[in-house]
There are 2 protein chains.
Amino acid sequence: MARWEPDAQDRLLRAALDLFAEQGYDDTTVIEIARRAGLTKSTFFRHFRDKREVLFGGQDLLNGLLAEGIANAPGTATPLDAVEAALDAVATVFTPARRDYAPALVAAIANNSELRERDALKRTGFAETMTAALRRRGVSDRPASVAAWLGVLAFGAAYSRWADPANHQGFGELARQALHELRTTIAELR
Amino acid sequence: MARWEPDAQDRLLRAALDLFAEQGYDDTTVIEIARRAGLTKSTFFRHFRDKREVLFGGQDLLNGLLAEGIANAPGTATPLDAVEAALDAVATVFTPARRDYAPALVAAIANNSELRERDALKRTGFAETMTAALRRRGVSDRPASVAAWLGVLAFGAAYSRWADPANHQGFGELARQALHELRTTIAELR
């Protein structure tokens with residue numbers, strides 16, 4: 001009989017974070033993660049290619065929302081307004097439940113070069129997604145790319161603040177604030 | 001008797017690029033690369049941890065030059081002037097001999113997700129290096145980070161143009177030009 005799997009991805013992520021914190025990323029196996037989550041190895045592999053990917057689930061969703069946010073921004077929106085709309089569009093993903101394990105996720109990635117590398121690729125993917133979405137609005141290549149990378153920097157700053165247990169603002173608010181700060185920064189940059 | 005190894009790293013890189021183009025990255029082994037370069041497997045491992053790293057040699061050198069360029073920029077230099085100095089400082093690395101295999105290197109990375117990932121990490125490393133070097137000049141965190149990422153974008157644009165066989169400008173000139181274009185872009189970005 002097939003096992004009922006409510007939020008299998010989420011359970012695997014939490015199990016992985018617990019194990020990485022307890023015994024380190026390198027010493028943790030897929031089987032241990034699945035067992036800790038109360039799931040089988042084959043369930044694990046239905047959701048993730050390897051143990052590294054457990055920490056990077058939901059990326060397609062995020063990229064889709066970023067692109068959608070930019071596509072749906074008003075016709076009058078400037079490139080940076082459209083990027084703000086993209087960051088607003090992903091805010092729904094950053095729920096209080098996710099925030100609970102965000103500090104563990106941040107720590108796991110910071111402690112391992114393989115995971116930092118994967119994280120760098122994730123951010124590059126966000127930049128490429130936003131650049132392409134801006135291009136589809138008729139923004140030319142260079143401003144599209146710069147606006148997209150400012151969006152990535154805003155995303156990163158907002159995520160760090162959001163993951164900090166001392167901070168209680170929502171992701172959307174933090175992202176808008178971070179982008180606003182970056183807009184001020186580029187206006188002053190010489 | 002120890003084998004004389006003039007430019008072992010360079011020979012391994014050229015051998016790897018040939019093999020990746022001929023038979024693909026996934027189907028090429030370290031032993032084949034070493035053999036093609038006329039070297040032994042143990043020589044390979046004295047220079048690189050694995051076959052992926054062959055394409056990313058010289059990164060410590062580049063990071064060192066970027067940091068040095070920023071540190072040695074005149075006291076009156078703005079953050080973006082200092083980034084320009086960093087790009088100037090790395091230009092010496094981009095010799096005509098390197099340019100010969102640059103198109104093969106660009107193609108190898110573009111065709112493989114593992115290599116694109118490693119490349120994303122390399123660029124993130126450049127941004128971190130330049131951010132830290134700007135911070136040491138007293139530039140505050142946000143402008144340091146934005147200026148550094150603009151430097152990475154300029155680096156990427158300059159490298160693409162430099163690797164194009166149709167283009168005969170030097171890397172330093174291309175990098176200055178790319179950074180200048182980005183400065184114009186951010187001044188106009190809304």
Side-chain angles (χ1 to χ4, degrees), chain A residues 49-50 52-53 56 59 76-84 109-110 112-128 131 134 139-157 160 177-190, chain B residues 49-50 52-53 56 59 76-84 109-110 112-128 131 134 139-157 160 177-190:
Chain A
R49 200 179 54 210
D50 53 40
R52 200 182 61 164
E53 290 307 308
F56 297 94
Q59 228 173 284
T76 54
T78 66
L80 287 173
D81 291 341
V83 166
E84 187 175 319
I109 294 172
N112 185 283
S113 67
E114 202 182 318
L115 297 173
R116 282 200 305 275
E117 186 168 317
R118 181 64 184 78
D119 196 57
L121 183 73
K122 186 182 80 177
R123 286 166 198 242
T124 301
F126 291 164
E128 285 169 359
T131 302
L134 288 165
V139 179
S140 52
D141 205 28
R142 207 173 299 123
S145 163
V146 174
W149 273 104
L150 289 170
V152 171
L153 291 178
F155 182 98
S160 298
Q177 188 181 312
L179 190 64
H180 176 78
E181 288 163 354
L182 287 168
R183 291 174 99 143
T184 307
T185 299
I186 61 161
E188 290 169 355
L189 205 62
R190 292 287 172 268
Chain B
R49 199 180 54 207
D50 53 42
R52 198 182 64 163
E53 290 306 308
F56 296 95
Q59 227 173 285
T76 54
T78 66
L80 287 173
D81 292 341
V83 165
E84 187 175 321
I109 293 171
N112 184 282
S113 67
E114 200 182 318
L115 296 174
R116 282 201 305 277
E117 186 168 316
R118 181 64 183 77
D119 197 55
L121 183 72
K122 184 182 81 176
R123 286 167 197 241
T124 301
F126 291 163
E128 285 168 0
T131 301
L134 288 165
V139 180
S140 51
D141 206 27
R142 206 172 300 124
S145 163
V146 174
W149 273 105
L150 289 170
V152 170
L153 291 178
F155 182 99
S160 298
Q177 190 181 311
L179 189 65
H180 176 78
E181 288 162 355
L182 287 167
R183 291 174 97 143
T184 308
T185 300
I186 61 161
E188 290 168 357
L189 205 62
R190 292 284 171 273

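Values in this document were obtained by computation on a predicted structure and should not be read as measured data. Within every chain, numbering begins at 1; the chains are lettered A, B, ... in the order of the sequence lines, protein sequences first and strands thereafter.
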(Q) Looking at chain A, which one of Arg183(B), Glu181(B), Lys122(B) has the largest number of heavy-atom pairs inside 4.5 Å, strictly under? (A) Glu181(B)
Identify which part of [X] has an atom lying under 4.5 Å from any heavy atom of chain B, answering side chain, backbone, both or neither.
X: Thr78(A); result: both
X: Arg118(A); result: both
X: Glu188(A); result: neither

Q: Using side chain to side chain contact (heavy atoms under 4.5 Å, CB included) as the criterion, point out the one residue from Ile186(B), Leu189(B), Leu182(B) that pairs with Pro143(A).
A: Leu189(B)
**Q.** Qualifying residue, where the test is salt bridge (charged side-chain N to carboxylate O under 4.0 Å, His left out) with Glu117(B) and the options are Arg52(A), Arg116(A), Arg123(A)
**A.** Arg52(A)
**Q.** Most contacts with chain B, counted as non-hydrogen pairs under 4.5 angstrom, among Asp81(A), Val146(A), Val152(A)
**A.** Val146(A)
Q) What's the spacing between Arg142(A) CZ and Leu153(B) CG if we round to 0.5 Å? A) 11.0 Å
